[in-house]
Amino acid sequence: MKSGKILVVDDNKKILDAIRLLFKYNFANVVTCNNPERIPELLHQESFHVILLDMNFRAGVSSGNEGLFWLREIVILQPTASIVMITAYGDMELAIKAVKMGAYDFILKPWKNEKLLATVEAALRFSQSRYELSNLKGKTRFLVSEINRKGQGITGSSESIQKILSMASKVAATDANILITGENGTGKELLAREIHNMSNRSNEAMVKVDVGTIPETLFESELFGHEKGAFTDAKEMKKGRFEMAHKGTLFLDEIGNITITMQIKLLNALQSRQIIRIGATKPVQTDIRLICATNEDLEQLVIDGNFREDLLYRINTIVIEMPPLREREGDVEELAQYFLSMYSQKYCRRGLSISYAGINKLKKYPWPGNVRELQHVIERAVLLSNKSILKSEDFLLKPKSKDRIKPKTLEEMERSMIEASLEENQGNLTKAASQLGVTRQTLYNKIKRYQ
């Protein structure tokens, strides 16, 4: 017994009875109708997977015009339904015309039961596939809108941030590759999303990849995908991030943290504008807008032999440097008020404000963690304070290096050493890693761990 709803429209009640009897043990839901004028009413009441439609409904008429008229109506009312035309006259030109107008197939009277059942079963499968595809496209559009929906934008009125936004609006309309540089926490991803949302690709997805956290063994699978059975755990085909970003934007974060081997594979994909899934032989064309971000000095990495010069030239057509918060004069208060409003709503603490002394404390702090650190400080104050006015003591800021509390555990000591090294090297991961005696990848993972 096949699932799915079938509608049969024919003015001959004997035909309807014969079809109903034939379909009784093969299809779960069959509706019959001897009056085509009821078609709009029936289609508004429920959705059908297959509709069998007679070509002629008046005695002595064999033009098929009535059937073609109702075919057009059904295609408009239920575009996912498979329509099978029924005719007793074997007019091939008429049948071909019906197919061109949207019919799935046709069947001739008198029919063979096996032929009719096979045709309807095929039409049912086709309709269900088309219905699933329609749902999938709808879900995809929803997911893209959710991914790209406007959340936190870049907040600030300082001259430095306004220059950044002005440049972003100019380059957004192009497909030029963009490299965003700046310290951790300055809002590089926010700027990338701002550029995407202003671009001609805004109706498609912006796919983010933190390439610095991908192990070299998984790099190709993550970015280019793999075929089913390509390796032990490849139980199904998987699209890579390049394919996911097709027609949209691919955002590669922490581009300075990938190995030379990974750089070569990335460069080849960017140059050829195509990728090959692991286990496949046929290349897949990709159309992406590339935005990269890093807190590293890539030119110094090129000099040191840790970054390919040709890849740098490929990704830095336009370079935008996000300024640290300490250089964004006047933005600290504006950002603090923005985050206060956001977290007041999130944690149902409406009516909160910041005292004059509290604002002054925030303004004087150097913000080594930039906007991200300010965001966490405001969120913590909203959560922990039970007052309606947040005072200076409600904002817990890191002590300066010389005033740091002596660490008590190995983890605290490790975190303290990493913080000190990053400050001493002004956020340069390569130099800090060398000073600490670890690889850049290890240092990056520890930074992630300690937030």
> Work out which heavy atom in Met322 is nearest to a heavy atom in Lys188; give both atom names and the distance.
CG-CG, 4.1 Å
> Just do the side chain to side chain donor-acceptor pair (under 3.5 Å) check on Thr442 and Thr439 with the steps written out, would you?
CA-CA 5 Å; Thr442 299; Thr439 64; 2.8 Å; yes
> When you look at Thr317 and Ile178, which way does the side-chain contact (heavy atoms from CB on, under 4.5 Å) test go after all the steps?
CA-CA 6 Å; Thr317 308; Ile178 297 173; over 6 Å; no
> Heavy-atom count around Arg273 CZ within 6.0 Å, excluding the residue itself: above 12?
no
> How long is the straight-line distance from CD1 of Ile39 back to CZ of Phe69, given to the nearest 0.5 Å?
9.0 Å
> Quick test of your reading of the model: are Glu227 and Lys238 salt-bridged, counting only N-O distances below 4.0 Å?
no
> Could you tell me whether the side chain of Ser344 and the main chain of Leu340 form a donor-acceptor pair under 3.5 Å?
yes
> For the residue pair Arg349 and Lys387, what are the closest heavy atoms and their distance?
NH2-O, 3.0 Å
> Do the side chains of Ser47 and Gln78 get nearer than 4.5 Å, heavy atoms only?
yes
> Tell me if the CG atom of Leu383 is crowded by more than 12 foreign heavy atoms within 6.0 Å.
yes
> Counting C-beta onward and ignoring hydrogens, is there a side-chain heavy-atom pair between Val371 and Leu335 closer than 4.5 Å?
yes
> In terms of heavy-atom contacts, does CE of Met262 have more than 12 from other residues, nucleotides or ligands at under 6.0 Å?
yes
> Is there a donor-acceptor pair under 3.5 Å between the side chain of Asn316 and the backbone N or O of Val319?
no
> CD1/Ile164 to CD1/Ile195 distance, rounded to the nearest 0.5 angstrom?
9.0 Å
> Under a 3.5 Å distance rule, please check whether Arg289 uses its side chain to pair with a backbone N or O of Thr174 as donor and acceptor.
yes
> Could you please spell out the steps behind the side-chain contact (heavy atoms from CB on, under 4.5 Å) verdict for Thr186 and Asn295?
CA-CA 10 Å; Thr186 51; Asn295 64 346; over 6 Å; no
> Does any N or O in the side chain of Asp105 come within less than 3.5 Å of the main-chain N or O of Ala123, such that one atom is a donor and the other an acceptor?
no
> Taking the side chain as every heavy atom from C-beta outward, state whether Asn257 and Glu296 have any atom pair closer than 4.5 Å.
yes
> Can you tell me how far the CG atom of Leu443 sits from the CG atom of Leu436, to the nearest 0.5 Å?
6.0 Å
> What distance do Phe23 atom CZ and Leu52 atom CG have between them, rounded to the nearest 0.5 Å?
5.5 Å
> Between Thr32 and Leu7, is any pair of side-chain heavy atoms under 4.5 Å apart?
no
> Under the 3.5 angstrom rule, does the side chain of Arg440 hit a backbone N or O of Gly256 as a donor-acceptor pair?
yes
> Should we say atom CD of Glu299 is surrounded by more than 12 heavy atoms from elsewhere, each under 6.0 Å from it?
no
> If you count heavy atoms of other groups shown closer than 6.0 angstrom to CD of Glu41, is the number above 12?
yes
> Could you tell me whether Lys391 atom NZ has more than 12 heavy atoms of other residues or ligands within 6.0 Å of it?
no
> Can you tell me if CD on Glu159 sees more than 12 non-hydrogen neighbours from other groups inside 6.0 Å?
no
> Looking at Ser157, is its backbone amide N or carbonyl O close enough to the side chain of Glu334 to form a donor-acceptor pair, meaning the two atoms are under 3.5 Å apart?
yes
> Can you check whether Ser127's main-chain N or O pairs, donor with acceptor, with His49's side chain at less than 3.5 Å?
no
> Verify, without hydrogens or angle tests, whether Ser272 (side chain) and Asn268 (backbone) share a donor-acceptor contact under 3.5 angstrom.
yes
> Out of curiosity, Met342 CE to Thr155 OG1, how far, rounded to the nearest 0.5 Å?
9.0 Å
> If every non-hydrogen atom of His226 is compared with every non-hydrogen atom of Phe231, which pair is closest and at what distance?
ND1-CZ, 3.5 Å
> Closest approach of Ala176 and Ile318, non-hydrogen atoms and distance?
CB-CG1, 4.1 Å
> With Thr249 as reference, evaluate Arg193, His196, Glu204 under the side chain to side chain donor-acceptor pair (under 3.5 Å) test and give the passing residue.
His196
> Given side chains that start at C-beta, do those of Phe251 and Ile288 come closer than 4.5 Å, heavy atoms only?
no
> With the threshold set at 4.0 Å, does a side-chain nitrogen-carboxylate oxygen contact exist between Arg201 and Asp287?
yes
> Go through the steps to decide whether Phe339 and Glu379 satisfy the test side-chain contact (heavy atoms from CB on, under 4.5 Å), and finish with yes or no.
CA-CA 7 Å; Phe339 291 132; Glu379 182 179 18; over 6 Å; no
> Specify the closest pair of heavy atoms between Glu46 and Val31, including all atoms of both residues, with the distance to one decimal.
OE2-CG2, 4.3 Å
> Relative to the ring of Trp367, is the ring of Tyr365 parallel (under 30°), tilted (30 to 60°) or perpendicular (over 60°)?
perpendicular
> One pair to check against side chain to side chain donor-acceptor pair (under 3.5 Å): Glu419 and Tyr450. What are the steps and the verdict?
CA-CA 10 Å; Glu419 286 179 344; Tyr450 295 125; over 6 Å; no
> Does any part of the side chain of Met167, heavy atoms only, come nearer than 4.5 Å to the side chain of Lys163, both counted from C-beta?
no
> Measure the CG-CD1 distance between Leu165 and Ile154 for me, rounded to the nearest 0.5 Å.
5.0 Å
> Quick check: closest heavy atoms across Ser82 and Phe126, and the distance to 0.1 Å?
OG-CD2, 3.4 Å
> Would you call Glu183 and Arg326 a salt bridge, using N to O less than 4.0 angstrom?
yes
> For the side chain of Lys5 and the backbone of Ile51, is there at least one donor-acceptor N/O pair under 3.5 Å apart?
no
> Under 4.5 Å between any side-chain heavy atoms of Phe224 and Lys265, yes or no?
yes
> Show your working on side-chain contact (heavy atoms from CB on, under 4.5 Å) between Phe48 and Thr80 and close with a plain yes or no.
CA-CA 9 Å; Phe48 293 93; Thr80 59; over 6 Å; no
> Could you tell me whether Glu243 and Arg277 have a side-chain N and a carboxylate O separated by less than 4.0 Å?
yes
> For Glu329 and Ser158, test the side chains for any donor-to-acceptor distance below 3.5 angstrom and give the result as yes or no.
no
> Indicate yes or no: at least one non-hydrogen side-chain atom of Ile378 is less than 4.5 angstrom from one of Phe395.
yes
> So, Asp394 side chain and Leu390 main chain: donor-acceptor pair closer than 3.5 Å or not?
no
